[in-house]
Protein chains: 2
Amino acid sequence: MDQSKTGETLLFLTDDQVRKGIEAMFFAYRGFTADPDRILGGMDYGRAHHRALHFIHRSPATTVNNLLAVLGVTKQSLNRVLRSLIADGLVESRVGQADKRERHLHLTKKGAELERSLSDAQRARMRAAYRAAGPGAVQGFRQVLEAMMDDGARRQYQSLKETSI
Amino acid sequence: MDQSKTGETLLFLTDDQVRKGIEAMFFAYRGFTADPDRILGGMDYGRAHHRALHFIHRSPATTVNNLLAVLGVTKQSLNRVLRSLIADGLVESRVGQADKRERHLHLTKKGAELERSLSDAQRARMRAAYRAAGPGAVQGFRQVLEAMMDDGARRQYQSLKETSI
DNA sequence: GGTTTATGTCAGCCTTGTTGACTTTCCAAG
DNA sequence: CTTGGAAAGTCAACAAGGCTGACATAAACC
């Protein structure tokens, strides 16, 4: 009856099993964001700025609308963040050539540096967790997370997944 | 060189591998909170209320101080949430018998009902993700999450893990 | 009796989400 | 060619939920 110990017969999932996963997700997410949050704490920026920098770095020349869809916030919410990043010279907004309504977003040297330092901190923790859990665990981790996403998010995740940087 | 395809030799973790994990975590957490958020959207409550209800349900008679430590917020922040839950008759605060300074928190019938409906929604998604990913993946998922936590959070997670409800 | 601890509260601030209203630009149907 | 609608972006105002700081009360501890 005690599947939790063996990990072999989890086709029958007790509420207890599932609840542990929920709590793990809660506590782990705190750790996940802790290092970048600490770095950003000193500056005038927050987690929203980190997310914008991450995905602009990830998809250079992305439009505001693309970024909106990936981040899952309103354009007004994103705009406030972008405005300060642009004002501080971390992000450059270039008017689209084909469609002048669009703004294409790029990191400046300064922006790329901050993104790098945030990313380094977060990657270090993720890497340490991967090492601690072992190679097999990493596959399972990503499989469960992927299955947990909403359909729209999964599509975005997968299309990002293809692109290497 | 392409360990990502085989998943066998992940002792050498490329930045790319790790970055995918980071993005998976970001997108998955949105899915993780989506269902309770939707339910709470209709009421005057938010994610903070959900978290309080969850952990009061999980550790009945917990004190305010305990809850503070688990949630990782300030007492002013928690107090705002608790005040509304108590005012609306979802949570009951009982003066401690041994130590009359303490308040022991309990869910009322009404509070337990709301907690149940939020929990049902979140468990359903987590259960579906577990099933989709398969039994082996679940172990890896929890192992990586646990390794990602801060030390304090891991201790709290583990002491909760023992307790069955 | 003085100090520490647990809790609660008030005030004020910040980040980051929201909606609503607006401008500029583009495109397509007439 | 014009005009009306859709799309991209911006500005303003508001709400949730974090935060700090200061302070009050009661109980416990020494």
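Bear in mind the structure is a predicted one, so any value in this text is a computation, not a measurement. Numbered from 1 within each chain, the chains take letters A, B, ... in sequence-line order.
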Notebook entry, point to check: Where each residue is assigned the nucleotide of DNA chain D containing its nearest heavy atom, which of A:Arg80 and A:Glu102 is assigned the position nearer the 5′ end?
Noted result: A:Glu102
Notebook entry, point to check: Is the closest side-chain heavy-atom distance between B:Thr63 and B:Arg103 below 4.5 Å?
Noted result: no
Note to self: Could you tell me how far apart A:Ile86 (CD1) and D:dG9 (C1') are, to the nearest whole angstrom?
What the structure shows: 11 Å
Check: By side-chain contact (heavy atoms from CB on, under 4.5 Å), which residues pair with B:Ser159, not counting sequence neighbours?
Finding: none
Check: Near DNA chain C, under 4.0 Å by heavy atom, which residues of residues 23-43 of chain B?
Finding: none
Note to self: Could you work out, with side-chain contact (heavy atoms from CB on, under 4.5 Å) as the rule, every residue matching B:Lys75, not counting sequence neighbours?
What the structure shows: B:Leu68
Next item on the list: With sequence neighbours excluded, tell me which residues meet ring-ring contact (aromatic ring centres under 6.0 Å, His included) with B:Tyr29.
Entry: A:Tyr29, B:Phe32
Checklist line | Qualifying residues under salt bridge (charged side-chain N to carboxylate O under 4.0 Å, His left out), relative to A:Arg94, sequence neighbours excluded | finding: A:Glu92
Check: Is there a side-chain contact between B:Phe55 and B:Leu71 (heavy atoms, below 4.5 Å)?
Finding: yes
Margin query: Under 4.0 Å, heavy atom to any atom of DNA chain D: which of residues 69-77 of chain B qualify?
Written below: B:Gly72, B:Val73, B:Thr74, B:Gln76, B:Ser77
Notebook entry, point to check: Quick one: salt bridge (charged side-chain N to carboxylate O under 4.0 Å, His left out) partners of A:Arg83, sequence neighbours excluded?
Noted result: none
Item checked: DNA chain C: 5'-proximal contact among B:Asn66 and A:Val81 (nearest heavy atom) -> B:Asn66
Check: Which residue pairs pass the side-chain hydrogen bond (donor to acceptor under 3.5 Å, both in side chains) test with at least one member in residues 37-48 of chain B, sequence neighbours excluded?
Finding: B:Thr33-B:Arg47, B:Asp35-B:Arg38, B:Asp37-B:Arg47, B:Tyr45-B:Asp88
Checklist line | Distance in angstrom units between A:Leu68 CG and D:dT10 C1', rounded | finding: 13 Å
Note to self: Are the side chains of A:Leu160 and B:Phe27 in contact, using a 4.5 Å heavy-atom criterion?
What the structure shows: yes
Margin query: So that I can tick it off, tell me whether B:Asp150 and A:Arg30 are bridged by a salt bridge, with the cut-off set at under 4.0 angstrom between side-chain N and carboxylate O.
Written below: no
Next item on the list: Would you indicate what B:Asp44 reaches in the nucleic acid, counting non-hydrogen atoms under 4.0 angstrom: base, sugar-phosphate, or nothing?
Entry: nothing
Check: Within the structure shown, what part of the strands sits under 4.0 Å from A:Thr63 by heavy-atom distance: base, sugar-phosphate, or nothing?
Finding: nothing
Margin query: Counting C-beta onward and ignoring hydrogens, is there a side-chain heavy-atom pair between B:Val70 and B:Asn66 closer than 4.5 Å?
Written below: no
Item checked: Range on DNA chain C touched by chain B, heavy atoms, distance below 4.0 Å -> C:dT5 to C:dC10
Check: Any side-chain heavy atom of B:Met25 within less than 4.5 Å of one from A:Phe141?
Finding: yes
Checklist line | Partner of A:Glu23 by salt bridge (charged side-chain N to carboxylate O under 4.0 Å, His left out), out of B:Arg123, B:Arg58, B:Arg142 | finding: B:Arg58
Margin query: Could you tell me if the side chain of A:Gln122 sits less than 4.5 Å from the side chain of A:Met126, heavy atoms only?
Written below: no
Notebook entry, point to check: When you measure from every atom of DNA chain D, which of residues 47-54 of chain B have a heavy atom less than 4.0 Å away?
Noted result: B:Arg47, B:Ala48, B:His49, B:Arg51
Check: When you check the gap from the basic side-chain N to the acidic O, do B:Asp120 and B:Arg116 get nearer than 4.0 Å?
Finding: yes
Item checked: Under 4.0 Å protein heavy-atom contacts per nucleotide of nucleotides 25-30 of chain D, with B for base, S for backbone only and - for none -> -BBS--
Item checked: Whole angstrom value for the distance that separates P of D:dA24 from CG of B:Asn79 -> 17 Å
Check: Should B:Leu107 and B:Met43 be regarded as members of a common hydrophobic cluster, given that ILVMFWY residues are connected when their side-chain heavy atoms come within less than 4.5 Å of each other, either directly or indirectly?
Finding: yes
Check: Would you say the side chain of A:Gln97 lies within less than 4.5 Å of the side chain of A:His104, judging by non-hydrogen atoms?
Finding: no
Margin query: Pair B:Arg131, B:Arg127 - check side chain to side chain contact (heavy atoms under 4.5 Å, CB included), show working.
Written below: CA-CA 6 Å; B:Arg131 279 196 208 283; B:Arg127 190 185 300 272; 4.0 Å; yes
Next item on the list: Toss me the dot-bracket line for DNA chain D: Watson-Crick and G-U wobble, both under 3.5 Å, 5' to 3', using | for pairs to another strand and [ ] for crossers.
Entry: ||||||||||||||||||||||||||||||
